[in-house]
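A short worksheet on the structure shown next.
In what follows, every heavy atom counts, from backbone to side chain, and hydrogens, waters and symmetry copies are set aside. Ligands are counted one by one from 1 in listed order, and the atoms in each one are counted from 1 as well. None of the values given here were measured: they were computed from a predicted structure. Numbers here simply count residues along the sequence, with the first being 1.
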Amino acid sequence: MRKIKYIAVHCTATSQRTSISAIQSYWKNQLGWKMPGYHFIILPNGEVVQLLNVELVSNGVKGYNSNLINIAYIGGVNDKNEPIDNRTIEQKASILKLLKELKKQYKTAKIQGHRDFPKVNKACPSFDAKKEYENV
Ligand SMILES: [Zn+2]
């Protein structure tokens with residue numbers, strides 16, 4: 001089993017209307033990634049879509065991925081591409097449920113936002129995940 005030290009919370013930094021297939025094609029064609037950026041994506045309607053088995057390594061946080069599970073909600077920026085916490089009620093509920101399930105399996109994993117990792121110069125996930133999920 002992989003040693004999971006962190007569960008990293010992301011936003012996709014796209015419009016909330018962006019499709020998963022568009023995001024996947026960006027990873028593959030623009031970034032040249034063989035693996036997805038996240039293990040799970042949460043749609044605005046609350047649906048959780050798993051893109052990768054948690055035992056495999058995704059591409060969420062450069063330098064840390066071998067010990068990470070990466071999850072992301074679709075959204076996180078406004079029309080001007082500025083960071084905004086625009087999680088829907090459904091997304092908030094699904095993220096919390098998913099985190100609780102993952103914590104059952106990976107009890108020692110710390111939950112934090114992408115921006116809480118060292119030397120990350122991003123607003124992702126556009127809210128304080130470390131604080132919000134400190135008691136999960
Ligand atoms: Zn991120």
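- For the Zn ion (ligand 1), protein N/O/S neighbours under 2.8 Å (waters excluded) are His10 ND1, His114 ND1, Cys124 SG.
- A side-chain contact (heavy atoms from CB on, under 4.5 Å) with Leu51 holds for exactly one of Ile23, Leu56, Asn70, Ile41; it is Ile41.
- Partners of Lys100 under the side chain to side chain contact (heavy atoms under 4.5 Å, CB included) rule, at least two apart in sequence or in another chain, are Leu96, Val136.
- Between Trp27 and Tyr38, the ring planes are perpendicular. Angles over 60° get that label, and only those under 30° would be called parallel.
- Judged as a side chain to side chain donor-acceptor pair (under 3.5 Å), and not counting sequence neighbours, the contacts of His114 are His10.
- Distance alone, capped at 3.5 Å, is enough to place a donor-acceptor pair between the Gln16 side chain and the Asn86 backbone.
- In this view, Ser66 satisfies the side chain to side chain donor-acceptor pair (under 3.5 Å) rule with no residue, not counting sequence neighbours.
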